[in-house]
Amino acid sequence: MESIITQTNRQETWEDFLAYRLMRSRFTWHEFKEADSYVEQEKYLHLAQKIAQGESLGLPTKKIVNKMGTGKKRVVYSFESDEMIMLKLIAYKLYDYDECFAPNCFAFRRGVKAHDAVFHIRRAIGERKMWAYKLDIHDYFNSISIELLLPMLAEMMVEDPPLYHFLEKMLTDNRVVYNGEIILENHGVMAGTPTAPFLANVYLKEVDKYFYDANVVYARYSDDIIMFAPDIETLREYKRKMAEFLKQYRLELNPDKEKTYSPDEAYEFLGFKCHANDIDISAATRKKMKGKIKRATKSLYRWSSKKNVAPEKAMKGLVNHFNHLFYENGDTEALTWSRWFFPIINKTEGLKEIDHYLQQNIRFLSTGKHNKANYKTNYAQLKLLGYKSLVNEYYKYRKHKKSKITNL
């Protein structure tokens with residue numbers, strides 16, 4: 001077996017990688033031209049040869065960033081730009097190990113989408129009424145024990161020692177750059193780096209396999225896990241077993257995201273609210289989005305007041321911001337709402353709630369108050385500002401999808 005590390009020296013490997021990303025719409029055309037030039041001029045060779053000779057990457061930089069849709073912070077890591085490109089290529093080649101993972105793992109698998117987890121659960125449950133237990137692992141990527149992970153990697157990569165030694169060097173170096181200084185810390189698999197998702201899958205591989213072999217209705221996407229049982233006693237046994245696994249792997253639950261659902265309750269997973277055949281946007285997702293809208297509105301209002309900007313300009317700014325977030329927008333890396341929710345949901349109550357809240361906040365920018373005077377800005381005027389209703393766009397999506405199927 002030729003090492004993945006050796007393959008990083010070859011232009012054809014890079015060309016396959018670029019073609020894959022282009023076919024998956026992971027590039028804008030401008031980005032592709034830059035990447036194509038990078039490969040054509042063999043700019044990767046110097047770093048690839050260093051790695052092949054056993055040298056490690058430079059030190060990662062640690063950043064604390066806003067967590068999307070919340071006021072919370074999260075820790076992410078990154079390397080220099082050429083090193084991040086190299087790690088993306090290695091992550092692409094790590095799909096070769098995909099068959100090592102159980103089918104109930106839906107995170108970062110080739111040809112597998114997060115949406116597939118929802119469909120898997122629906123098919124597995126069928127018409128049965130089942131109890132459910134959902135949990136979330138606290139700061140999962142950065143909490144992974146490298147001491148426990150390395151033997152797992154060594155066993156998996158027994159036929160590719162250079163790859164194992166490259167990952168070992170990267171993971172065991174506890175030096176990171178933070179605020180311009182070198183510090184020492186336990187950083188796990190370093191959230192934000194391209195190889196972190198694969199390594200996170202390796203770490204919980206045996207957990208997934210245990211529940212798969214036990215024929216449990218179970219799905220995991222990264223640090224989000226949900227499992228089902230026919231009765232509360234069986235569910236408690238599953239919870240006990242999961243608690244044992246988490247202790248064994250030195251992981252902690254996020255208590256705010258742990259929940260047990262009775263058979264008559266709608267359960268929430270990956271931002272979806274599911275009950276029988278009905279799928280909508282979860283309450284937690286609605287709350288996060290409304291918080292995002294509120295913060296953006298306050299920021300634009302302060303800016304427009306300070307700069308004496310016309311209200312219409314601030315209103316249009318808010319509209320443009322959320323159009324960019326919700327819909328196809330030319331950013332092929334962005335996971336917009338239309339890409340995430342529209343293919344799965346069949347109920348629109350959540351979309352209506354977000355529509356109403358956003359309209360309220362757009363109108364607020366016209367007066368600085370929430371009152372009836374805001375409705376002087378009617379719906380037609382909102383549309384002139386560029387506003388697009390989530391509900392209307394969803395039905396356009398459904399109609400277009402139905403038309404494509406009909407014309408096949």
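Remark: K241 NZ is packed, more than 12 non-hydrogen atoms of other residues, nucleotides or ligands lying under 6.0 Å away. Counting heavy atoms of neighbouring residues, nucleotides and ligands inside a 6.0 Å radius, atom CD of E159 does not exceed 12 of them. More than 12 non-hydrogen atoms from other residues, nucleotides or ligands lie less than 6.0 angstrom from NZ of K134. More than 12 heavy-atom neighbours from other residues, nucleotides or ligands sit within 6.0 angstrom of NE2 on H275. Around atom CG of N186, no more than 12 heavy atoms belonging to other residues, nucleotides or ligands sit under 6.0 Å away. Residue E55 qualifies as enclosed at atom CD: its count of foreign heavy atoms under 6.0 Å is above 12. Within 6.0 Å of CD on E15 lie more than 12 heavy atoms contributed by other residues, nucleotides or ligands. The 12-atom threshold is not exceeded at CD of E252, counting heavy atoms of other residues, nucleotides or ligands nearer than 6.0 Å.
In this structure, the ring of W14 has its center less than 6.0 angstrom from the ring center of Y44. With ring centers used as reference points, F198 lies 6.0 Å or more from F108. Aromatic rings of F272 and Y267 (six-membered ring for Trp) have centroids beyond the 6.0 Å cut-off, not under it. Separation of the Y221 and F106 ring centroids does not fall under the 6.0 Å cut-off. Between Y212 and Y218, a ring centre-to-centre spacing not shorter than 6.0 Å is recorded. Ring-centre distance between F228 and Y238: not below the 6.0 Å cut-off.
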Would L149 and V202 count as a side-chain contact (heavy atoms from CB on, under 4.5 Å) if you check the C-alpha gap in whole Å, the side-chain angles of each, and the deciding distance to 0.1 Å? CA-CA 8 Å; L149 174 64; V202 173; 3.9 Å; yes
Checking R286 against E353 for the salt bridge (charged side-chain N to carboxylate O under 4.0 Å, His left out) test, could you report, in this order, the C-alpha distance in whole Å, the side-chain angles of both residues, the deciding distance, and whether it holds? CA-CA 8 Å; R286 299 181 202 187; E353 184 176 330; 2.9 Å; yes
Take Y20 and Y92, measure what side-chain contact (heavy atoms from CB on, under 4.5 Å) needs, and give me the verdict at the end. CA-CA 9 Å; Y20 172 78; Y92 161 73; 3.5 Å; yes
Test E147 against R250 for salt bridge (charged side-chain N to carboxylate O under 4.0 Å, His left out), laying out the working first. CA-CA 11 Å; E147 178 186 0; R250 305 175 189 174; 3.0 Å; yes
Please assess E2 against R10 for the test salt bridge (charged side-chain N to carboxylate O under 4.0 Å, His left out), listing each intermediate value before the final yes or no. CA-CA 12 Å; E2 183 182 26; R10 293 211 308 262; 2.5 Å; yes
CA sep, side-chain torsions, deciding dist, call: D98, R110, salt bridge (charged side-chain N to carboxylate O under 4.0 Å, His left out): CA-CA 7 Å; D98 200 63; R110 177 167 288 171; over 6 Å; no
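Of all non-hydrogen atoms in F269 and A219, the two that sit nearest each other are CZ-O, 3.8 Å. The two residues W340 and H115 come nearest to each other via the heavy atoms O-NE2, 2.5 Å. Taking all atoms of both residues into account, the shortest heavy-atom contact from V319 to G386 is CG1-C, 3.4 Å. Taking both residues in full, the closest heavy atoms of E268 and Y261 are given as N-OH, 3.4 Å, listed atom of the first, atom of the second, then distance. Across C274 and V118, no two heavy atoms sit closer than the pair SG-CG1, 4.1 Å.
Using a cutoff of 4.0 Å between basic side-chain nitrogens and carboxylate oxygens, E155 and K205 are not scored as salt-bridged. A salt bridge between E206 and K209 is absent, with no side-chain N of the basic residue lying under 4.0 Å from a carboxylate O of the acidic one.
Side-chain contact between V176 and I182 is absent, with no heavy atoms from C-beta onward closer than 4.5 Å. Taking 4.5 Å as the limit, some side-chain heavy atom of K352 sits within range of a side-chain heavy atom of T348. Proximity of K292 to L325: side-chain heavy atoms (C-beta onward) are separated by under 4.5 Å at one or more points. Considering only heavy atoms from C-beta on, L390 stays 4.5 Å or farther from F341 through its side chain.
Not one N or O on the side chain of S305 forms a donor-acceptor pair closer than 3.5 Å with the backbone of R302. With S282 contributing its side chain and T285 its backbone, the two residues share a donor-acceptor pair below 3.5 Å. Checked by atom type and distance alone, the side chain of E83 pairs as donor or acceptor with a backbone atom of G58 at under 3.5 Å. Although no hydrogens or angles enter the test, the distance criterion places a donor-acceptor pair under 3.5 Å between the side chain of H187 and the main chain of D173. Judged by distance alone, with hydrogens and angles left aside, the side-chain atoms of N104 form a donor-acceptor pair with the main-chain N or O of D208 at under 3.5 Å. Between the K62 side chain and the Y178 main chain, no donor and acceptor come within less than 3.5 Å of each other. In this structure, the side chain of Y140 engages the main chain of A200 through a donor-acceptor pair within 3.5 Å. Side-chain N or O atoms of Y327 include one that pairs as donor or acceptor with a backbone N or O of K388 at under 3.5 Å. Without hydrogens or angle criteria, N346 side chain to D280 main chain gives no donor-acceptor distance under 3.5 Å. Between the side chain of H321 and the backbone N or O of A296 there is no donor-acceptor pair closer than 3.5 Å.
The aromatic rings of Y210 and F245 stand perpendicular to each other, their planes meeting at an angle above 60°, with 30° marking the opposite boundary.
T260 and K239 share a side-chain donor-acceptor pair at under 3.5 Å. A donor-acceptor contact under 3.5 angstrom links the side chains of E258 and Y133, judged on distance only. Y387 and D355 form a side-chain donor-acceptor contact under 3.5 Å, judged by distance and modelled atom types alone. Counted by atom type alone, N201 and R220 present one or more donor-acceptor pairs between their side chains at under 3.5 Å. Counting only N and O atoms by type, the side chains of S37 and Q41 include a donor and acceptor under 3.5 Å apart.
Rounding to the nearest 0.5 Å places CG of L163 at 10.5 Å from CE of M156. Note that NZ of K93 is 6.0 Å distant from OG1 of T13, once rounded to the nearest 0.5 Å. How far CG of D96 is from CE of M157: 10.0 Å, rounded to the nearest 0.5 Å.
Across T195, I90, V189, a single residue satisfies side chain to side chain contact (heavy atoms under 4.5 Å, CB included) together with M170, and that is T195.
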